[in-house]
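Only one structure is covered here, and it is reproduced in the block below.
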Amino acid sequence: MQVARSLIGKFLVRSCNGRELAGKIVEVEAYVGPQDKACHASKGRTARTDVLFGPPGISYVYLIYGMYYCLNVVTERTEFPAAVLIRAIEIEGELIDGPGRLCRAMQIDRSLNRWNMTDGNQLWFEDRSVVVQKSDVGAFTRIGVDYAGKWAQKPWRFRLNGAECKSRKRS
DNA sequence: AGATTGATCCAT
DNA sequence: TGGATCAATCTG
């Protein structure tokens with residue numbers, strides 16, 4: 001949650017066969033704990049959600065709707081399942097809006113699932129000292145989780161103001 | 001608005 | 001083993 005907010009303005013860096021892509025994180029969503037019905041781990045610990053119960057700083061990449069990957073990073077302590085979904089970034093001034101498009105642009109797939117993002121290898125975060133005022137970040141309801149009842153109402157999506165919302169509706 | 005697409009999960 | 005589900009995107 002706080003982690004999600006603090007990730008806004010940080011950079012996601014992807015190093016892949018010789019070239020490096022870096023993007024400023026513009027939108028994220030938090031999925032917090034076993035009670036959060038929108039969190040994949042709320043249905044219990046399975047082969048797929050096992051990583052969420054592990055240590056923080058590890059990636060959680062999965063296929064959705066049979067065609068698109070989503071990139072998350074595990075945030076909380078071991079045994080407490082929580083993650084932050086990276087929804088949108090800005091690469092060299094171009095807005096990549098939507099988790100599926102983001103993973104396509106950065107060539108992220110299942111091979112980067114359970115990746116250690118803390119040792120600067122292939123995929124990691126960087127703080128490039130972008131100043132983000134608290135007033136620059138808006139909180140909104142999460143997207144695509146209407147099934148989650150009251151948890152769907154939680155304002156756990158954070159977006160940098162000024163980045164126009166092209167993916168899905170709402171704001 | 002509708003189709004697409006396949007891993008995952010749980011009930012037969 | 002089969003069917004329902006899904007943190008999305010594209011096309012019309």
Side-chain angles (χ1 to χ4, degrees), chain A residues 1-10 12 14 21 23-77 79-91 94-115 117 123-125 137-160 163-171:
Chain A
M1 252 274 292
Q2 282 94 345
V3 178
R5 213 191 177 92
S6 70
L7 274 177
I8 298 287
K10 299 292 190 298
L12 177 67
R14 167 80 168 124
L21 276 172
K24 185 174 69 174
I25 298 170
V26 163
E27 184 179 19
V28 298
E29 283 181 12
Y31 292 86
V32 182
Q35 312 282 22
D36 181 0
K37 291 284 182 297
C39 181
H40 286 170
S42 66
K43 293 201 176 84
R45 188 168 186 163
T46 66
R48 177 206 191 197
T49 61
D50 186 63
V51 59
L52 297 173
F53 292 80
I58 308 298
S59 70
Y60 167 45
V61 179
Y62 72 96
L63 187 65
I64 190 66
Y65 300 121
M67 359 180 132
Y68 297 103
Y69 293 101
C70 292
L71 170 65
N72 305 244
V73 58
V74 179
T75 53
E76 298 272 350
R77 69 178 190 275
E79 302 303 326
F80 186 89
V84 172
L85 167 68
I86 314 297
R87 286 198 60 89
I89 59 176
E90 194 179 291
I91 302 175
E94 185 188 5
L95 183 63
I96 310 292
D97 201 355
R101 285 193 281 246
L102 184 157
C103 287
R104 193 178 52 191
M106 286 219 153
Q107 301 174 36
I108 292 165
D109 64 19
R110 284 275 296 262
S111 67
L112 286 172
N113 190 26
R114 287 174 168 281
W115 199 259
M117 298 183 68
L123 186 65
W124 67 94
F125 293 112
V137 179
F140 309 92
T141 56
R142 294 176 293 182
I143 285 182
V145 293
D146 294 339
Y147 61 88
K150 67 171 181 177
W151 294 93
Q153 312 297 324
K154 296 285 181 185
W156 286 351
R157 177 163 61 102
F158 301 99
R159 175 173 267 264
L160 198 58
E164 196 180 342
C165 192
K166 290 199 297 187
S167 84
R168 294 277 190 121
K169 298 293 182 272
R170 261 190 273 208
S171 59

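First the proteins, then the strands, lettered A, B, ... as listed; each starts at 1.
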For a side-chain contact (heavy atoms from CB on, under 4.5 Å) check, start with the C-alpha distance between A/Phe158 and A/Arg87, then their side-chain angles and the critical distance, and finish with the verdict.
CA-CA 9 Å; A/Phe158 301 99; A/Arg87 286 198 60 89; over 6 Å; no
Let me have a per-nucleotide readout for nucleotides 5-12 of chain B, 5' to 3', with B, S or -, counting only protein heavy atoms under 4.0 Å.
BBSSS---
So which heavy atom on A/Ser59 is nearest to which on A/Val51, and how close?
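Smallest interatomic distance, heavy atoms only, reads O-CG2, 3.8 Å.
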Using whole Å, what does the distance between atom [atom2] of nucleotide [N] and atom [atom1] of [X] come to?
X	N	atom1	atom2	answer
A/Leu102	C/dT9	CG	C1'	14 Å
A/Trp151	C/dA7	CH2	C1'	16 Å
A/Ile108	C/dA8	CD1	C1'	15 Å
A/Tyr62	C/dA7	OH	P	5 Å
A/Asp97	C/dA7	CG	P	18 Å
A/Trp156	C/dA7	CH2	P	16 Å
A/Arg142	C/dC6	CZ	C1'	15 Å
A/Leu95	C/dT9	CG	P	12 Å

Would you say C/dA7 has OP1 or OP2 under 4.0 Å from some side-chain N or O of A/Arg157?
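Checking C/dA7 against A/Arg157, no side-chain N or O comes under 4.0 Å of OP1 or OP2.
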C/dC10, OP1 or OP2 - any side-chain N/O from A/Arg101 closer than 4.0 Å?
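For C/dC10, OP1 or OP2 has a side-chain N or O of A/Arg101 closer than 4.0 Å.
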For C/dA7, which nucleotide is its Watson-Crick or G-U wobble mate, given both distances must be under 3.5 Å?
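Checking every strand shown, C/dA7 finds no partner, since no pair has both distances under 3.5 Å.
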Could you please name the partner base of B/dT5, counting Watson-Crick and G-U wobble pairs only when both distances are under 3.5 Å?
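Across all strands, not a single nucleotide pairs with B/dT5.
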Output the distance between atom OG1 (A/Thr141) and atom CD (A/Gln153), rounded to the nearest 0.5 Å.
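If we round to the nearest 0.5 Å, A/Thr141:OG1 and A/Gln153:CD are 7.0 Å apart.
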How far does NZ of A/Lys24 sit from NZ of A/Lys10, to the nearest 0.5 angstrom?
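Spacing of NZ (A/Lys24) from NZ (A/Lys10) equals 12.0 Å.
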Parallel, tilted or perpendicular, as decided by the 30° and 60° cut-offs, for the rings of A/His40 and A/Tyr60
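Ring orientation of A/Tyr60 relative to A/His40: perpendicular.
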Would you call A/Phe125 and A/Leu7 a side-chain contact if the rule is heavy atoms closer than 4.5 Å?
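Touching, per the 4.5 Å side-chain cut-off.
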A/Arg45: what forms a side-chain hydrogen bond (donor to acceptor under 3.5 Å, both in side chains) with it, not counting sequence neighbours?
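A/Arg45 satisfies side-chain hydrogen bond (donor to acceptor under 3.5 Å, both in side chains) with A/Asp50, A/Glu79 only.
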